[in-house]
Protein chains: 2
Amino acid sequence: MHQETIENYLKTIYHLSDGNAFVVTNKELAERLGVIPATVTEAVKKLHVLKLVEYEKSYGTRLTSAGIKQALNIVRRHRIWETYLAQELGFGWDEVHELAEELEHIKSDKLVQKLAQKIGNPSYDPHGDPIPDEKGRFQKAEFKKLAEARAGKTYTLSGVADHSPAFLKFLDRYNLKIGTTIKVLEIENFDGSMLTLCNSKEIRLSLQVVSNLLVR
Amino acid sequence: MHQETIENYLKTIYHLSDGNAFVVTNKELAERLGVIPATVTEAVKKLHVLKLVEYEKSYGTRLTSAGIKQALNIVRRHRIWETYLAQELGFGWDEVHELAEELEHIKSDKLVQKLAQKIGNPSYDPHGDPIPDEKGRFQKAEFKKLAEARAGKTYTLSGVADHSPAFLKFLDRYNLKIGTTIKVLEIENFDGSMLTLCNSKEIRLSLQVVSNLLVR
DNA sequence: AAAATTAATTTGGCTTACCAAAAATAGTAA
DNA sequence: TTACTATTTTTGGTAAGCCAAATTAATTTT
Ligand SMILES: [Mn+2]
Ligand SMILES: [Mn+2]
Ligand SMILES: [Mn+2]
Ligand SMILES: [Mn+2]
């Protein structure tokens, strides 16, 4: 099996199981990877032979500890690259994901180590996602959706649930970035939108938007 | 045909034809690419369909102008990465080639542009090889082998013909790097070795070595 | 000009990652 | 419990990139 294929499967299984060793279905995997379920069946069988996943026929797939370890390493690479591209090379947070999807497959731990060092071994990537360290450890961030916030309170934008360039560019237009303070002035019952105070400006954010903003 | 395969063929044809549009044989290509000639026959036929090479049966292959253009772009990417890795991330000149072999295939001109900018749009890579600009232009360096030098004269190390880590590490041991001044004290007829003065130290360099040092 | 050598091409096969369609299995509703 | 539905697996097939062996073509040597 090609290393890049393996890495994409492990990473996807990891994300679908939300970091835990929960079972993932073929259908979910197929959708995320852009292949049909039949292809997934073949692939997970091979990953099973490689002892990277536990696989029970017609039931589902979960990462083994070896699989989790590799998955965390790929997640680390991805997020280190994203952060490096943003901090050192001036890419926007809407541009880094696509590039990191390619760069994460470069086979060199030394390179990742140097990149990380250059940017001061950060704990979070440009989207607020935690970066595992060399041993795979990271603190699971305790964020909640702004959509679940209460009127009158003030929050700090700490992450985004939607990583699409369209959404991120939208946030850029209002200068909303990780660390920005958001005060919830009013919640509209009718459509779930929120009137907020961001950067000393009153902005109304739709339910769509506040559901994808993670705050502390 | 996969982009990476195409790029490796174009780059190899380019290097074998020494930058000119000279004809390259299947056998040469096969050796460099680590495949058998039969594989090359198939590949160059496909490259011909893509109008990247001219191919005449049983005669040879040469790049078209479109092929040269793409080849120069890959060479640029490779050398920009090598230089970036050395200058910005502290890799040794013996380490950068292998990494650049992977990184050169990342599909983003913007990335290469940013890397180049960060290191001041250099004209030469860590091995003294010229870096083509965005339009593929570069000055062909007029170096000669130290092996062809004359006793008593002083030269500046400007490039290396052998890029192997073993050779480069050897040069590191004597602190021989691009820009180092080398005075030829004496040429030994018997084995072609040279007694030289480098960094105020007398060093005897074998024919092997002086044949792979390019000087001005 | 033959013969011998070397290089290139063709042919048949392999592996990987895919897909489409059919068959089997599991899950849900009646 | 049976029928319907959704999911998974199996079974052929394809395209790329590769190799080994056989064939053809070009180049050297005699
Ligand atoms: Mn990402
Ligand atoms: Mn991210
Ligand atoms: Mn190189
Ligand atoms: Mn180089």
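When the salt bridge (Lys or Arg N to Asp or Glu O under 4.0 Å) test is applied to A/E104, the partners found at least two apart in sequence or on another chain are A/K11. Taking the side chain to side chain donor-acceptor pair (under 3.5 Å) definition, one finds that A/S206 meets it with nothing, sequence neighbours left out. With sequence neighbours excluded, the residues forming a side-chain contact (heavy atoms from CB on, under 4.5 Å) with A/R216 are A/F143, A/T156, A/S158, listed by chain and number. Among residues two or more places apart in sequence or in another chain, the salt bridge (Lys or Arg N to Asp or Glu O under 4.0 Å) test is passed with A/D162 by none. The side-chain contact (heavy atoms from CB on, under 4.5 Å) test applied to A/K169 returns A/D94, not counting sequence neighbours.
One can place NE2 of B/H2 at 12 Å from C1' of D/dC18, the figure rounded to the nearest angstrom. As rounded to whole Å, 15 Å separates atom C1' of C/dT16 from atom CD of A/Q3. Separating the CG atom of B/N26 from the C1' atom of C/dT10 is a distance of 13 Å, rounded to the nearest angstrom. Distance A/E42 CD to D/dT9 P: 11 Å, rounded to the nearest Å. One can place CD1 of A/I6 at 11 Å from P of C/dT16, the figure rounded to the nearest angstrom. In this structure, CE of B/M1 is placed 16 Å from P of D/dA15, rounded to the nearest angstrom. Atom-to-atom, CD of A/E4 to P of C/dA17 comes out at 11 Å; the value is rounded to the nearest Å.
Annotation: side chain to side chain donor-acceptor pair (under 3.5 Å) contacts involving residues 32-44 of chain B, sequence neighbours excluded, comprise B/N26-B/T41. Annotation: ring-ring contact (aromatic ring centres under 6.0 Å, His included) contacts involving residues 42-65 of chain A, sequence neighbours excluded, are absent.
For the pair A/T39 and C/dC19, the criterion of a side-chain N or O lying under 4.0 Å from OP1 or OP2 is met. Here B/K46 does not reach the OP1 or OP2 of D/dA15: none of its side-chain N or O atoms lies under 4.0 Å away. The phosphate of D/dT10 (OP1 or OP2) has a side-chain N or O of A/K45 nearer than 4.0 angstrom. The side chain of B/T5 contributes an N or O atom lying less than 4.0 Å from OP1 or OP2 of D/dG17.
Within residues 27-37 of chain A, the residues approaching DNA chain D are A/K27, A/P37, by heavy-atom distance under 4.0 Å. Using a 4.0 Å cutoff on non-hydrogen atoms, the parts of residues 48-56 of chain A near DNA chain D are A/Y55, ordered by number.
By the 4.0 Å N-to-carboxylate-O rule, A/R77 lies close enough to A/D109 to be salt-bridged with it.
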Under 3.5 Å, side-chain donor or acceptor atoms of residues 112-120 of chain B against the rest of the protein: list the pairs with distances, not counting sequence neighbours.
| residue | atom | partner | partner atom | Å |
| --- | --- | --- | --- | --- |
| B/Q113 | NE2 | B/Q117 | OE1 | 3.0 |
| B/K114 | NZ | A/L89 | O | 3.3 |
| B/K114 | NZ | A/G90 | O | 3.3 |
| B/K118 | NZ | A/E88 | O | 2.9 |

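In this structure, A/F170 and A/Y174 have perpendicular ring planes: the angle between them is above 60°, well past the 30° mark.
For CD of A/E98, the number of neighbouring non-hydrogen atoms (other residues, nucleotides, ligands) closer than 6.0 Å is 12 at most. By the 6.0 Å contact criterion, CZ on B/F138 is enclosed, its count of non-hydrogen atoms from other residues, nucleotides or ligands being greater than 12.
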Quick one: which protein N/O atoms are closer than 3.5 Å to N/O atoms of nucleotides 22-27 of chain C? Pair and distance per line, please.
none

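Proximity note for A/A38 (side chain, C-beta onward) versus D/dA16, C/dT16, C/dA21: the nearest is C/dA21.
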> Hey, mind stepping through A/H97 and A/H78 against ring-ring contact (aromatic ring centres under 6.0 Å, His included) and telling me if it holds?
Replying inline: CA-CA 8 Å; A/H97 175 79; A/H78 182 95; 4.8 Å; yes
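In terms of modelled atom types and a separation under 3.5 Å, the side chain of B/T12 and the main chain of B/N8 share a donor-acceptor contact.
In DNA chain C, runs of at least 3 stacked Watson-Crick or G-U pairs (N1-N3 plus N6-O4 or O6-N4, or N1-O2 plus O6-N3, all under 3.5 Å) give these stems: C:1-30 with D:1-30.
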